[in-house]
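One-based numbering along the sequence shown.
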Amino acid sequence: MANQELNEQEIGRRNSMQALRERGIEPYPAAEYKVTGYSREIKEKFKDGEEPPREVAVAGRIMSRRIMGKASFMELQDSEGRIQIYVSRDDICPGEDKDMYNVVFKKLLDIGDFIGVKGFVFRTQMGEISIHAQEITVLSKSLRPLPIVKMKDGKAYDAFTDPEQRYRQRYVDLVVNPRIKDIFLKRTKMFNSMREYFNSHGYVEVETPILQSIPGGAAARPFITHHNALDIPLYLRIADELYLKRLIVGGFEGVYEFSKNFRNEGMDRTHNPEFTCMEIYVAYKDYNWMMEFTEKMLEKICLDVNGSTEVTVGDNVISFKAPYPRVTMAQAILDKTGFDITGKSEEELREFCLKNGIEVDKSFGKGKLIDEIFGEKCEGSFIQPTFIIDYPIEMSPLTKRHRNNPELTERFELMVNGKELANAYSELNDPIDQYERFVEQMKLADKGDDEAMIIDADFIRALEYGMPPTSGMGIGMDRLAMLMTGQSAIQEVLLFPQMRPEKRSTTSEDKEEA
């Protein structure tokens with residue numbers, strides 16, 4: 001390992017580690033430590049006057065200590081929370097040798113170390129449910145001090161609050177900021193609730209390829225890699241849509257997947273290049289059915305995660321109680337701008353964008369121009385869940401034409417808190433129409449649109465075998481987690497968000513290793 005600059009505390013902890021070994025105490029033992037109780041359930045189940053008192057074995061990290069001669073208190077943090085430990089010298093060292101207390105406990109253990117404690121549960125004179133330690137086992141020595149918050153003259157010191165540090169060192173963030181763990185426990189509840197909803201309807205969870213020869217299913221810039229054995233370029237998937245629809249062709253009636261998707265695009269408070277998406281496809285359904293299915297699902301998830309159909313995000317109280325309003329794309333733009341996009345040419349749309357300060361590229365076709373108008377002038381105003389429906393055909397190359405207006409498609413996007421949360425269609429199952437839409441996309445690519453879709457000949461072939469009427473929906477799980485946990489940045493709901501590599505000094509030993 002390369003040499004590193006050690007501060008005084010880190011040197012002291014390494015010295016303590018060595019001193020433990022010299023006393024025959026392994027600071028990183030291999031044997032199993034059998035835990036019989038956890039902080040929260042110990043407190044919940046405690047009964048005053050219980051005889052004999054409950055004996056437990058707990059394990060966790062030392063978070064604070066108060067050493068008072070022959071007796072001391074410390075706070076132990078386990079996976080459920082914290083509990084106080086009472087340590088008496090004569091209890092853990094009943095014989096003449098008091099070394100385990102006087103040296104090991106008082107001098108060689110530090111805040112952040114993992115220990116096991118065996119003892120009995122009692123209530124202190126101050127009324128706090130605690131564990132009276134009878135045996136202490138060193139389980140893991142911490143060589144770096146934790147940034148434990150200290151208060152002095154009403155000011156907090158050493159708080160671990162810098163966002164970049166927290167995202168880079170999530171392992172520290174989880175230890176010293178207990179509320180962070182709650183965010184990710186809620187995220188897990190959210191996934192479980194959604195799975196329960198789909199499974200209760202008889203739909204099947206599947207897996208599709210992450211490495212794809214054609215990046216299909218969305219308008220996005222892919223990451224490119226190379227497969228050495230096949231000697232071909234491959235793309236990290238931007239969506240799993242086209243594979244899931246192949247399964248509908250193959251006879252599945254309802255399939256869904258929680259997929260890691262990758263888009264080589266910008267990063268901000270609502271975008272990460274690696275993100276989690278859920279997509280579901282159900283045969284013999286349309287987008288009207290999918291709207292009802294989606295709003296009922298979100299109402300259930302919010303109840304399961306938060307015990308209420310309402311969540312607070314910043315200054316907004318958002319209600320997921322079904323049903324949600326439905327507004328056409330054209331009406332939304334007309335209401336917010338006074339401009340009717342119906343029947344407008346590409347030139348007229350571009351002129352409106354230029355006059356209204358909407359930045360557009362020369363490569364943008366009608367679909368991209370309308371998308372920019374909606375994004376700039378409308379999207380942010382939809383705080384409560386609202387279905388934006390009936391998108392122009394140029395915006396939706398995988399969507400069935402509207403049954404009443406061939407210039408539109410049967411598509412909706414669900415807007416919540418000013419951002420898109422879900423996207424859904426009555427799926428296009430006419431292979432000839434689908435091929436012609438792909439051709440139009442290739443024309444956009446020729447104009448320089450690097451997000452235009454590529455023709456997927458195998459998907460067209462699959463449609464030629466026949467796909468029943470189908471509705472599909474995709475939902476951004478990270479954005480949904482933001483809403484369910486009241487967070488305003490996507491990085492807060494990703495355990496390890498993408499970051500630039502840390503800059504580090506290069507030592508002579510590093511150069512030799514390189």
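Contact check for Phe122 versus Ile131: no side-chain heavy atoms found under the 4.5 Å cut-off. Using a 4.5 Å heavy-atom threshold, the side chains of Ser16 and Asp110 count as touching. Here the side chains of Arg246 and Glu241 are not in contact, with every heavy-atom distance at 4.5 Å or above. Residues Leu108 and Arg23 are in side-chain contact: their nearest non-hydrogen atoms beyond the backbone lie under 4.5 Å apart. In this structure the side chain of Leu143 never reaches within 4.5 angstrom of the side chain of Glu10, judged on heavy atoms. Between Leu398 and Leu242, some side-chain heavy-atom pair lies under the 4.5 Å cut-off. Side-chain contact between Thr137 and Ile115 is absent, with no heavy atoms from C-beta onward closer than 4.5 Å. Side-chain contact check for Glu413 versus Glu420: some heavy-atom pair is nearer than 4.5 Å.
Between Phe382 and Phe374, the angle of the ring planes stays under 30°, which puts this pair in the parallel group of the 30/60° scheme. By the 30° and 60° cut-offs, the orientation of the rings of Phe387 relative to Phe412 is perpendicular.
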Inset, instruction - Decide side chain to side chain contact (heavy atoms under 4.5 Å, CB included) for Phe275 and Arg263; before the verdict, give the C-alpha distance in whole Å, the side-chain angles of both, and the deciding distance to 0.1 Å. - result: CA-CA 8 Å; Phe275 63 98; Arg263 298 183 182 178; 3.5 Å; yes
Legend entry - Leu174/Val172 under side chain to side chain contact (heavy atoms under 4.5 Å, CB included): CA gap, chis, key distance, verdict: CA-CA 5 Å; Leu174 289 165; Val172 177; over 6 Å; no
Inset, instruction - Quick one: do Glu205 and Arg195 satisfy salt bridge (charged side-chain N to carboxylate O under 4.0 Å, His left out)? Show the steps, please. - result: CA-CA 8 Å; Glu205 184 171 6; Arg195 274 194 174 93; 2.9 Å; yes
Legend entry - Residue pair Leu494, Tyr167: steps toward the side chain to side chain contact (heavy atoms under 4.5 Å, CB included) verdict: CA-CA 9 Å; Leu494 301 175; Tyr167 303 152; over 6 Å; no
Inset, instruction - For the pair Glu196 and Lys300, evaluate side chain to side chain contact (heavy atoms under 4.5 Å, CB included) and give the outcome as yes or no after the intermediate values. - result: CA-CA 10 Å; Glu196 288 170 3; Lys300 173 193 183 305; 3.3 Å; yes
Inset, instruction - Evaluate the criterion salt bridge (charged side-chain N to carboxylate O under 4.0 Å, His left out) for residue pair Arg221 and Glu265; output intermediate values, then yes/no. - result: CA-CA 7 Å; Arg221 182 186 303 143; Glu265 298 170 343; over 6 Å; no
Inset, instruction - Apply ring-ring contact (aromatic ring centres under 6.0 Å, His included) to the pair Tyr203 and Phe252, showing each step before the final yes or no. - result: CA-CA 9 Å; Tyr203 305 142; Phe252 283 92; over 10 Å; no
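Rounded to the nearest 0.5 angstrom, Ile42 CD1 and Ile83 CD1 are separated by 4.5 Å. Separating the CZ atom in Arg269 from the OG atom in Ser488 is a distance of 4.0 Å, to the nearest 0.5 Å. Here the straight-line distance linking atom CG of Leu146 with atom OG of Ser64 works out to 11.5 Å at 0.5 Å rounding. The CG atom of Asp113 lies 8.0 Å from the CZ atom of Arg65; values are rounded to the nearest 0.5 Å.
Each of Glu299, Gln384, Glu310 was checked for a side-chain hydrogen bond (donor to acceptor under 3.5 Å, both in side chains) with Lys321, and the lone residue meeting it is Glu299.
The heavy-atom pair separating Glu80 from Ser39 by the smallest distance is C-OG, 3.5 Å. Across every non-hydrogen atom of Tyr281 and Gly472, the tightest pair is CD2-CA, 3.4 Å. The shortest non-hydrogen separation linking Arg13 to Ser142 is NH1-O, 3.0 Å. Nearest approach of Ala133 to Asp91, heavy atoms of both residues: O-CB, 3.8 Å. Nearest heavy-atom pair, Met194 versus Ile475, reported as atom, atom and distance to 0.1 Å: CE-CG2, 4.1 Å. Nearest approach of Asp173 to Phe160, heavy atoms of both residues: N-CE2, 3.7 Å.
In this structure, a donor-acceptor pair under 3.5 Å is present between the side chains of Arg237 and Thr208. Side-chain contact annotation: Asp361 with Ser363, donor-acceptor N/O pair under 3.5 Å present. For the residue pair Arg61/Gln77, the side-chain donor-acceptor check at 3.5 Å is not satisfied. A donor-acceptor contact closer than 3.5 angstrom links the side chains of Asn316 and Asn417. The closest side-chain donor-acceptor pair between Asn306 and Ser308, if any, does not fall under 3.5 angstrom. With hydrogens and angles left out, the side-chain atoms of Tyr243 and Glu257 include no donor and acceptor closer than 3.5 Å.
Ring centroid separation for the pair Phe223 and Tyr235 does not come in under the 6.0 Å cut-off. The distance between the ring centers of Tyr197 and Phe293 falls below 6.0 angstrom.
Judged purely by atom type and a 3.5 angstrom limit, Asp478 uses its side chain to pair as donor or acceptor with the backbone of Thr276.
Lys70 is linked by a side chain to side chain contact (heavy atoms under 4.5 Å, CB included) to Arg89, counting only residues two or more places apart in sequence or in another chain. When the side chain to side chain contact (heavy atoms under 4.5 Å, CB included) test is applied to Ser72, the partners found at least two apart in sequence or on another chain are Ile67, Tyr101, Phe105.
Using a 4.0 Å cut-off between charged nitrogen and carboxylate oxygen, Arg123 and Asp48 count as a salt-bridge pair. Of the charged side-chain nitrogens involved, at least one lies within less than 4.0 Å of a carboxylate oxygen, so that Arg168 and Glu164 count as a salt-bridged pair.
Geometrically, Arg40 does not engage Tyr38 in a cation-pi contact defined by less than 6.0 Å to the ring centre and at most 45° from the axis.
The number of heavy atoms from other shown groups lying within 6.0 Å of NZ (Lys260) is above 12. Within 6.0 Å of NZ in Lys98 there are more than 12 heavy atoms belonging to other residues, nucleotides or ligands.
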Side chains of residues 49-57: which donor-acceptor partners sit under 3.5 Å, not counting sequence neighbours?
{"from": "Arg54", "atom 1": "NH1", "to": "Glu41", "atom 2": "OE1", "distance (Å)": "3.3"}
{"from": "Arg54", "atom 1": "NH2", "to": "Glu41", "atom 2": "OE2", "distance (Å)": "3.0"}

